[in-house]
Amino acid sequence: IMEMIKMIYLDKAATSYHKPEEVAKAVYEAVKATGNSGRGANSVSLNTTKMLYDTREKLCKLFNGKDSSRITFAHNATEALNIVIRGLFKEKDHIITTEAEHNSVLRPLYRSRREENTELTFIKCDKKGRLEISEIEKSIRKNTKAIICTHASNLTGNIMDIEKVGKICRENNLIFIVDASQSAGSIPIDIERQNIDVLCFTGHKSLYGAQGTGGLYVREGILIDPLKVGGSGIDTYNTEHPAEMPERLEAGTLNSHGIAGLRAGIDFINRTGLEKIHSREKELMWRFYNGIKDIKNIKIYGEFFDADGREIDRIAIVSINLGDIDSAEICDILNIEYDIVTRAGGHCAPLMHKALGTDIQGAVRFSFSYFNTEEEIDVAINAIKEIAESF
């Protein structure tokens, strides 16, 4: 098998290396034909404006939003989260978040606490990375303004019950902010049903777009101060940045080339079927899980079964360790000796690692794509078996 397969990429949680061919084609065509939206009435400028509008429409429909003008483009989920956290919270605001969060949430919140004197509460996760949702309502104060929660952990693959968290937010008149970095394009998101007020997403993972794309959906009535101000293509003589969406949170030239690729990625998802993609990725994940679960000294992190032993829904991530071996060493062996790409270390999720007890060792993360094959999974299983036997 190794002779038939060159590099095996199992790190989709970092970025989707395998993308539909039409995504690359769309970026290439956009580079040749794209003007600057809102900067003139010429055909290339107007065509770009139409493409951006169409992409907003497709994203809004994918997430079941009500108004595509509430979609703002950003360079990635990190920028989207910075826009929200920097522009929404003021002095003495209390924010509830979780130990499952990525540093793209944590670091802006720490800065907000340091510079704006906001207050933070972290909802704990247990040894399987499960969020203790029952603690949320106990943490609400008079000055609580929002809850920020990841939809799916980039370390364990656990899917958080954001519908339940959203219900708590609605009942307590709190703003619900969701980090959909790992879920957008991989599992269904329903802004209305899940009571999401602000959804932050990236384009380069499960949406199959180019790096440098992403954005946020802001429910009507939520007012966020812009992170950047400047050129908007409209209202030139106003000394203030435009107040209406989406221009309110967009300044300067957008990454139209990348967004053209993002639109092609969404078209691929719609054509293939999100449920089909998710089902395929889980199928590969379970093949890998069942192939390694009985290996001597293996540790597998996250929740895979309910109390009755039934498989639970999750995103296609399996994070492991072998005994007490440093995760970076396993990752290097996989890369150098087997040409298998994984991710080791802290995964920008320091609080989750502490909850799992892996903050020193880290973990080796395997994340699977719709474009991976059973043969690749089997090579990875055999590689882990051989590595385990060698120590």
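Starting from 1, each residue takes its place in the sequence as its number.
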Under the side chain to side chain contact (heavy atoms under 4.5 Å, CB included) test, residues paired with D235 that sit two or more places apart: N238, P242
Partners meeting side chain to side chain contact (heavy atoms under 4.5 Å, CB included) with K66 (sequence neighbours left out): E192, Y217
Partners passing side chain to side chain contact (heavy atoms under 4.5 Å, CB included) against P108 (at least two apart in sequence or in another chain): N82, I85
Test side chain to side chain contact (heavy atoms under 4.5 Å, CB included) applied to E115 - qualifying residues, sequence neighbours left out: R86, R111
Those residues that, when tested against K354, pass salt bridge (charged side-chain N to carboxylate O under 4.0 Å, His left out) (two or more places apart): none
Which residues share a ring-ring contact (aromatic ring centres under 6.0 Å, His included) with H347, sequence neighbours left out: H353
Members besides I336 in its Ile/Leu/Val/Met/Phe/Trp/Tyr cluster (side-chain heavy atoms under 4.5 Å): none
Residues forming a side chain to side chain donor-acceptor pair (under 3.5 Å) with E281, sequence neighbours excluded: K12, S186
Pair listing, ring pair (Phe, Tyr, Trp, His ring centres under 6.0 Å) test, anchored in residues 98-128, at least two apart: none
Sequence neighbours excluded, every pair satisfying ring pair (Phe, Tyr, Trp, His ring centres under 6.0 Å) that has a member inside residues 285-322: W286-Y289, W286-F304, W286-F305, F288-F366, F288-F368, Y289-F304, Y289-F305
Remaining members of hydrophobic cluster (4.5 Å side-chain criterion), I317: I159, I187, I315
Output a table of donor-acceptor pairs, distance under 3.5 Å, between side-chain atoms of residues 57-64 and any protein atom two or more places apart or on a different chain; print 'none' if there are none.
| from | atom 1 | to | atom 2 | distance (Å) |
| --- | --- | --- | --- | --- |
| E57 | OE2 | Y53 | OH | 3.4 |
| E57 | OE2 | S68 | OG | 2.5 |
| K58 | NZ | D267 | OD1 | 3.1 |
| N64 | ND2 | D190 | OD1 | 2.7 |
| N64 | ND2 | D190 | OD2 | 3.3 |

